2 protein chains.
Amino acid sequence: MTAQATTTGAPADETAAEDRPASVDIRIEQDIAAAIFEQRMPPGTRLSEARLGQLYEVSRTVVRKALFRLASDRLVEIRPNRGAIVPRPDVTEARNVFAARRVIEPALLADSVPHLAAADRRTLDALVVADRRAHEARDRQAMIRASGDFHRGLARMAGNDVLFEFLEQLIGRTSLIIATYQTYVLPHCAEHVHEALVETIASGDVAAAQQAMIRHLLDCEAQLHLQDDDTETDDLAGMLDAHATDTAAPAFTDTRNAR
Amino acid sequence: MTAQATTTGAPADETAAEDRPASVDIRIEQDIAAAIFEQRMPPGTRLSEARLGQLYEVSRTVVRKALFRLASDRLVEIRPNRGAIVPRPDVTEARNVFAARRVIEPALLADSVPHLAAADRRTLDALVVADRRAHEARDRQAMIRASGDFHRGLARMAGNDVLFEFLEQLIGRTSLIIATYQTYVLPHCAEHVHEALVETIASGDVAAAQQAMIRHLLDCEAQLHLQDDDTETDDLAGMLDAHATDTAAPAFTDTRNAR
DNA sequence: CAAAGTTGAATCGTATCCAATTGACGCGGA
DNA sequence: TCCGCGTCAATTGGATACGATTCAACTTTG
């Protein structure tokens, strides 16, 4: 995993430069993951093994491997005998993912903030710059990528690979959730929040940094349209009612930390 | 492992009652996982695809699928072109796994403790009883299984599937770690700790329950022989010195919660 | 015209086959 | 005695072939 290369190149491009022996299946996995992250593959997209196989000029076996790995990260869903699709997370899962992030990210900060080296600070600054650039350019995909990279880079500094990999998975699933439930098309994370977050982190105050992170995650979640649309059965009347009040109180399970 | 004899301890994950033939690959996966959990397969065991295939009377393809899934859960390690083995976690990974558990399990308690239903209490009691029985019978494998089931069952009550699955993976990896680094052969978890834990949980005091859980996990970790044996390079002299002091201070990264 | 039964295409799941890599064994030389 | 080198068996990695399943469109009939 760790789809960091993701040059977003055309998938079919091949044999051009054999500079890397990186097995094809990994490349397929990373390409698909990146496509999902950056919302070029919306939920519901069908991922045919055969199609992908001929796209990458490779047999179904290797495509299948990539697909299974993605499924284990919950980035695609494999329905028996019915093919793989990029899943549409339900509201409960969405809330749980955010709750999990509110657990893990502050915990990582508890380790990273006290031991922040100068190099780490530079790395964070670079990530923030990339974030700001993406915002200035109004480049949605770049924004999403930059946001993920920021959280990823921050998490890596804690030095706990286990939790880092968990968070990496959560970041991917968050992209999917945002793709499914975003309300406004533009800013899925406000412009300067990461910048402010770095300031707080750099101050060395662990508790403050954790609170800031939790607030940030709550903000992100609040921007989404998380209500039970699973009941898509027959409230057509409600759908047609232009005055429907969709401002049901969140009432999320506040899985913040110990306290 | 005696192929199909292992139908006993189904992880109880699937109560869907579907008359599915429960595809063989899943059974293989569960069997191997159980064998690792209960330490019938010590680290280093080679898992030949061909061997497993003829054991289950199935082609290598399906064995391979099970193996890959286990690898994504870090329960087996697949070395390219060299086959799969059950891995030997290094000390850093061991510490990280315990640190992760100290993050996730208290967070789960924050959700489960306040809303503990009567049925939950009965479930916990049953789990504790199974634990005690295993201890009384001096049945190592049953003890390990009961301990895992206890933590699993407790975690399930929080209602966050995402964190639950993370913890499930951590529990499995913990088994592996214990198998690798346990010092004394008998009690990898003291006899009445889970019982006391349930008492604290039932009291409804979230903070107390979290503290008790953290202490319990620290105890488990402390019972292990976690010192850097990765430095197997050339301190032969030290290894040969019978008086070598192996009581280096732990100095673990105390990734406890937010506070 | 509507509903039920039938048929067909597409896709997945498993098995088998062949190529590629690895680690081991044995031989010869310093 | 130890080290380097070449051949070889074993195992994995990937491709292809075939049966099984599912979904959807079509036809037929009441």
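Note that this is a predicted model, so its numbers are computed, not measured. Throughout, protein chains are lettered first and strands after them, A, B, ... in sequence-line order, and every chain is numbered starting at 1.
Looking at Glu29(A) and Lys65(A), no side-chain N of the basic residue comes within less than 4.0 Å of a carboxylate O on the acidic one, giving no salt bridge. Salt-bridge annotation for Arg156(A) and Asp161(A): absent, with no side-chain N of the basic residue lying under 4.0 Å from a carboxylate O of the acidic one. Under the 4.0 Å criterion applied to side-chain N and carboxylate O atoms, Arg173(B) and Asp73(B) are not assigned as salt-bridge partners. Taking the charged nitrogens against the carboxylate oxygens, Arg27(A) and Asp31(A) do have a contact shorter than 4.0 Å, which makes a salt bridge. Under 4.0 Å is where a charged nitrogen must lie from a carboxylate oxygen, and between Arg102(A) and Glu221(A) at least one such pair does.
Computed from coordinates, the Leu52(A) CG to dT11(C) C1' distance equals 13 Å when rounded to whole Å. If you take CD of Glu57(A) and P of dG14(D), they are 16 Å apart, rounded to a whole angstrom. The CZ-C1' distance, from Arg79(B) to dA10(D), rounds to 14 Å in whole Å. The nearest whole Å value for the distance from the CD1 atom in Ile28(A) to the P atom in dG14(D) is 10 Å. In this structure, Asn81(A) places its CG atom 8 Å from C1' of dT11(C), rounding to the nearest Å. The distance from atom CD of Gln54(A) to atom P of dT16(D) is 12 Å, rounded to the nearest whole Å. One atom, CZ of Arg51(B), and another, P of dT11(D), lie 8 Å apart when rounded to the nearest Å. Between Ile85(A) atom CD1 and dC23(D) atom P the separation is 12 Å, expressed in whole Å.
Contact annotation: Arg64(B) reaches the phosphate of dG13(D) (side-chain N/O to OP1 or OP2, under 4.0 Å). An OP1 or OP2 oxygen of dG13(D) is reached within less than 4.0 angstrom by no side-chain nitrogen or oxygen of Lys65(A).
In terms of position on DNA chain C, the residue among Leu67(A) and Thr61(B) whose nearest nucleotide sits closer to the 5' end is Leu67(A).
In this structure, of dT11(C), dT22(D), dA15(C), it is dT11(C) that holds the atom nearest to the side chain of Ser48(A). Between dG13(D), dC12(C), dA15(D), one nucleotide has an atom nearer to the side chain of Arg60(A) than all others, and that is dC12(C). Candidate nucleotides dT16(D), dT12(D), dC23(D) were compared by shortest atom distance to the side chain of Arg82(A), and dC23(D) ranks first. Nearest nucleotide to the side chain of Glu49(B), out of dT22(C), dG13(D), dG13(C): dG13(D). Checking dT12(D), dG13(C), dT16(C) against the side-chain heavy atoms of Ser59(B) singles out dT16(C) as nearest.
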